[in-house]
Amino acid sequence: MAADPLAAASAHSREPRQDAYYWRFCATALSFAAFGLGAALVGLVLLPIVRLLPAMHERKRARARAVVRGALRLFLMLMHRSGGLSYQLSGRERLGRPGQLIVANHPSLIDVVFLLAYAPAAGCVVKHGLWRNPLTAAALRLAEYIPNEPTPAMIEAASAALRAGQTLIMFPEGTRTRCGRGPVFHRGAASVALRAATVLTPVYISVEPTTLTKAEPWYRIPARRPRFTLVVGADWDLSAYRHLPPPLASRALNAALEQEFEAYLGMPRLR
Amino acid sequence: MHHDDILEHIRNTLVELFQLDPALVTPAARLYEDLEIDSIDAVDLMDEIQRHTGSKVQPEDFHAVRTVADLIAVMQRLLPARND
């Protein structure tokens, strides 16, 4: 599939529709409608309550993140129970440590949903366009997620969050993976890891068959039920990079991460 | 610190951080196009300048920096602050 995306795409569409295709279509539509309604409920009711309840600033942030996490758990439960998708997450007990930077590849629209739903109280570097989306802006602001501009300000904000002991999620690809090739990482995550992370933990995400990619709208559901597999990898040893000057270290770490993700994800992609 | 000393310091810093050819580091050299120093590298560079000058470098200070000469100007602005 990696070799020839066009052939793969046409094979994809020729595959007979199975796993209760039409029901899955309805389940997916309903789940996304529920997501919209849930986001409105969270943004218009729950988060204003969090904002108004007197509490320390950190406490408010933690509550906002708990609300987001609960809402995303519900969304995943809905997608899963209705049969829209199936998923498996291994090693989740190693997510959510203080100062931990979690880096994941980004094959689908909803990767961040899985990670935010299962990494306790984590912050996240999120597409900056979502700050202008009225459905999501309130949540992003109160939960203090960080916009993904490739600027010194982003690097500083992400590093500060880690130094303060938060867990942080980053998608080094910056956008969803282009079909039929390995992930290409921007160096920002590697740089943040070396500056401020106590521990760097990769999460390998694969989706089979692919769905909700950059090239597909939500309603073009795959012929078979998509299965999301998320594997929390071993913590990355950063000591080898500590003796290099920072720019060379972040380049070396970024290249090593890219290679590791490609090697890990290469196998399922060839099936 | 004189202009030439600062240039010398910047040259040494860039050579050490980015393993550049010292001859490339001239005042007219553009950081991004000629030296391949991108916005992520700029953060590492800011840290280094901060260490050297002892005064906090703001991302805004770096906003208009395009060339090595701009970098010298930033250093000249920050260095006296240390003696205040």
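This is a predicted model, so every value here is computed, not measured. Lettering follows sequence order; numbering is per chain, from 1.
Side-chain N/O atoms of S159(A) and E156(A) include no donor and acceptor closer than 3.5 Å. Side chain to side chain, T175(A) and K214(A) meet the donor-acceptor criterion of an N or O pair below 3.5 Å. In the model, H57(A) has a side-chain atom that pairs as donor or acceptor with a side-chain atom of E144(A) under 3.5 Å.
Residues of residues 187-202 of chain A lying under 4.5 angstrom from chain B, judged on non-hydrogen atoms, are R187(A), G188(A), S191(A), R195(A) in numerical order.
Of the options Y204(A), F171(A), W236(A), a ring pair (Phe, Tyr, Trp, His ring centres under 6.0 Å) to F261(A) is made by Y204(A) and by none of the others.
Within the 4.5 angstrom heavy-atom criterion, only side-chain atoms of I155(A), from C-beta onward, approach chain B.
With sequence neighbours left out, E8(B) forms a salt bridge (Lys or Arg N to Asp or Glu O under 4.0 Å) with R11(B).
Of the inter-residue distances, the one linking L253(A) atom CG with L244(A) atom CG reads 10.5 Å to the nearest 0.5 angstrom.
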